[in-house]
There are 2 protein chains.
Amino acid sequence: MSRAERIRILLADDHFIVRSGLVALIHSDPDLAVVAQASDGDQAVELFLRHRPDVALLDLRMPGRSGNAAIEEIRRQCPDARILVLTAYSGDEDIHKALEAGALGYVLKSSTGDDLLPAIRAVAAGQRWIPRDVATRLAMRSAYEELSHREIEVLREIARGLANKEIAHKLAITEHTVKDHLKSILGKLHVSARTEAVTAAVQRGIIEL
Amino acid sequence: MSRAERIRILLADDHFIVRSGLVALIHSDPDLAVVAQASDGDQAVELFLRHRPDVALLDLRMPGRSGNAAIEEIRRQCPDARILVLTAYSGDEDIHKALEAGALGYVLKSSTGDDLLPAIRAVAAGQRWIPRDVATRLAMRSAYEELSHREIEVLREIARGLANKEIAHKLAITEHTVKDHLKSILGKLHVSARTEAVTAAVQRGIIEL
DNA sequence: CGCCGCATCCCTCTTTCGAGGGAACAGACA
DNA sequence: TGTCTGTTCCCTCGAAAGAGGGATGCGGCG
């Protein structure tokens, strides 16, 4: 990419209004140009591969294929892809997963142009861009152990209000095992009751309702 | 308001990007003009009273005074105020409260210009504007009894993971009473376990995490 | 005035939770 | 190879939850 050329941007957000705002904001800078817009994850992947933009600006919460799945797919097909995540804050889990999947930067939807435009330029240049407060929160996050797949599965059923016995039946394991998973969950999340485990997990973005 | 004059609009949303999108969208229609922008509830009230716009376009989720509180205050000081709520869907409780507080219309943030501009015109003309699917959901909602103030208070503590005994101590009532409230909560929400009560209440917007 | 909803209190009873142990086996990893 | 983690199973036991009753004041509303 030559310095003289404009930075070509792909937008992906399911809200038309947000896309409009981004277009207005980005076009206020003559060095930047929006070359494509997607309204869901699948479209984002497709348009990325077709246009090969310098930066992809992705929301994580989208219908169809989630933002994170889209990031993984794009990076799989195009390992050099430069992706900047733009989303409303909703727990650290999503952010962490997005960065793990290969996103280079992260900005909050509450950002103004003064925050967003430098982030776009930085990511277009291949640099990382993480706001300081987000970076520190992610560092703190590592204090919590990650839940295993099975534990998350159990937690999801707990959130739905099922008793241990019902969960046991549904997952085809004994009630004892369900209790053991619950013990692990409570320990890892540093909580003492199943209800608290659910709210803590929702707040951290581990499960959704 | 004369028909020949432009419809004067107040925007209130905490996301700069969303405000930009709305401005771009609204200015694409020569009959509409944004006369003021607020980024929180208090500012929305202040700017409404100063500019007396024909329509106020408010988000419900805002820092400081909530969108609903802002609606109430505006309607208290100016009963003719025409307010259109624009928000991401997050349970029916907020929508219901907003309409009760005096909002004339409601549109989802996922709307396109084709949905939003007619809504603005309708509300500016003093007409109600509720999408059909929202209206039917609100009608269904009445099948659920409303929780009393005390019950919501108890439910909030349950969500935080407190045991009945702890809740009793915190609210200065006996554990028996807590259980009685819980019984009412379970009955009204049509659920059978405290954990399920929490998730159901969160989904309906009765409590937040 | 009586009725109803709310909040408060009390009881018993069975089931479920959650903490405390121990143990087996598979796969990953050094 | 040994070790570690995840998953599964097992046990006991006290505390908590939830269903079932009944009862008292207090306020609003017809």
Side-chain angles (χ1 to χ4, degrees), chain A residues 93 96-97 100 141-204 206-207, chain B residues 93 96-97 100 141-202 204 206-207 209:
Chain A
E93 197 66 18
H96 180 250
K97 287 237 179 77
E100 218 168 33
R141 202 195 75 101
S142 60
Y144 301 102
E145 300 172 67
E146 289 199 3
L147 298 188
S148 72
H149 173 69
R150 195 60 160 175
E151 284 160 355
I152 291 176
E153 215 168 344
V154 170
L155 188 54
R156 247 191 276 274
E157 300 305 325
I158 292 176
R160 296 181 52 193
L162 299 191
N164 290 342
K165 191 179 286 181
E166 296 171 306
I167 298 172
H169 182 254
K170 189 162 185 177
L171 300 183
I173 53 179
T174 63
E175 193 184 345
H176 301 290
T177 308
V178 175
K179 287 183 169 187
D180 288 333
H181 289 307
L182 179 56
K183 275 192 279 193
S184 303
I185 294 168
L186 295 176
K188 288 183 179 177
L189 295 182
H190 300 145
V191 297
S192 59
R194 52 170 52 215
T195 310
E196 200 183 355
V198 169
T199 55
V202 169
Q203 283 176 328
R204 286 174 210 167
I206 298 171
I207 60 171
Chain B
E93 197 65 19
H96 181 249
K97 287 236 179 77
E100 217 168 34
R141 201 195 75 101
S142 61
Y144 300 103
E145 300 172 67
E146 289 201 4
L147 298 188
S148 72
H149 173 70
R150 195 60 159 177
E151 285 160 355
I152 292 176
E153 215 168 345
V154 170
L155 188 53
R156 247 191 277 274
E157 301 305 326
I158 291 175
R160 296 182 52 194
L162 299 191
N164 290 342
K165 191 179 286 182
E166 296 170 306
I167 298 172
H169 182 253
K170 190 161 185 178
L171 300 183
I173 55 180
T174 63
E175 192 185 346
H176 302 290
T177 308
V178 175
K179 286 184 171 186
D180 287 335
H181 289 307
L182 179 56
K183 274 190 279 193
S184 303
I185 293 168
L186 295 177
K188 288 183 179 178
L189 295 182
H190 301 144
V191 297
S192 59
R194 52 171 48 217
T195 310
E196 200 183 354
V198 169
T199 54
V202 169
R204 287 175 209 167
I206 298 171
I207 59 171
L209 296 182

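Values below: every heavy atom of this structure, side chains too, minus hydrogens, waters and symmetry copies. Just so it is clear: chains get the letters A, B, ... in the order the sequence lines come, proteins before strands, and each one is counted from 1.
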Which nucleotide in the set D:dC9, C:dT8, D:dA17 lies at the smallest distance from any side-chain heavy atom of A:Ile173?
D:dC9
Given C:dT8, D:dG6, C:dC17, which nucleotide is nearest the side-chain atoms of A:Lys179?
C:dC17
Out of D:dT7, C:dG18, D:dG21, whichever nucleotide has its closest atom nearest the side chain of B:Asp180:
D:dG21
Using a heavy-atom cut-off of under 4.0 Å over every strand shown, decide if A:Lys165 touches base, sugar-phosphate, or nothing.
sugar-phosphate
Is B:Arg160 close to B:Lys170 at the side-chain level, that is, under 4.5 Å between some pair of heavy atoms?
yes
Side chain proximity check, B:Ile167 to B:His181, heavy atoms < 4.5 angstrom
no
Base of D:dG20, side chain of B:Lys183 - is there a donor-acceptor contact under 3.5 Å?
yes
Using a heavy-atom cut-off of 4.0 Å across all strands, would you classify A:Asn164 as base, sugar-phosphate, or nothing?
sugar-phosphate
D:dT5 P sits how many Å from A:His181 NE2, rounded?
16 Å
Please lay out, stage by stage, how B:Val202 and B:Leu209 fare under the test side-chain contact (heavy atoms from CB on, under 4.5 Å).
CA-CA 8 Å; B:Val202 169; B:Leu209 296 182; 4.0 Å; yes
For C:dA7, take OP1 and OP2 only and decide whether either is under 4.0 Å from a side-chain N or O of B:His176.
no
For B:Thr174 and A:Leu162, take the nucleotide of DNA chain C holding the closest heavy atom to each; which residue's nucleotide lies nearer the 5' end?
B:Thr174
By nearest atom, which of the nucleotides D:dA16, D:dC9, C:dA7 is closest to the B:Ala163 side chain?
D:dA16
Which nucleotide in the set D:dG18, C:dG18, D:dC10 lies at the smallest distance from any side-chain heavy atom of A:Arg194?
C:dG18
Between B:Asn164 and the options B:Glu157, B:Lys179, B:Arg194, the side chain to side chain donor-acceptor pair (under 3.5 Å) test singles out B:Arg194
Side-chain touch A:Ile158/A:Leu182, heavy atoms, less than 4.5 angstrom:
yes
For atom CD1 of A:Ile158 and atom C1' of C:dC17, their distance in whole Å:
11 Å
Between A:Ile185 (CD1) and C:dA19 (P), how many Å, whole number?
12 Å
Between the side chain of A:Thr199 and the main-chain N/O of B:Ala159, is any donor-acceptor distance below 3.5 Å?
yes
Side-chain heavy-atom pair A:His96, A:Glu146 within 4.5 angstrom cut-off:
yes
Among C:dG18, C:dC10, D:dT7, the nucleotide that comes nearest once only the side chain of A:Ser148 is considered:
D:dT7
What nucleotide among D:dC10, D:dA19, C:dC9 has an atom nearest to a side-chain atom of B:Leu186?
D:dA19
Round to the nearest Å and state the distance from B:Ile152 atom CD1 to C:dC6 atom C1'.
13 Å
Using a 4.0 Å heavy-atom cut-off across all strands, classify B:Thr177 as base, sugar-phosphate, or nothing.
base
Measure the spacing between CZ of A:Arg204 and CG of A:Leu189 and express it to the nearest 0.5 Å.
5.5 Å
From the list D:dG18, C:dT8, D:dT8, which nucleotide is the closest neighbour of the side chain of B:Ala193?
D:dG18
For the helix from C:dC1-D:dG30 to C:dA30-D:dT1, measure the angle between the helix axis at one end and the axis at the other, each built from five pairs, rounding to 10°.
50°
Looking at C:dG18, C:dC11, C:dC17, which one has an atom nearest to any side-chain atom of A:Leu182?
C:dG18
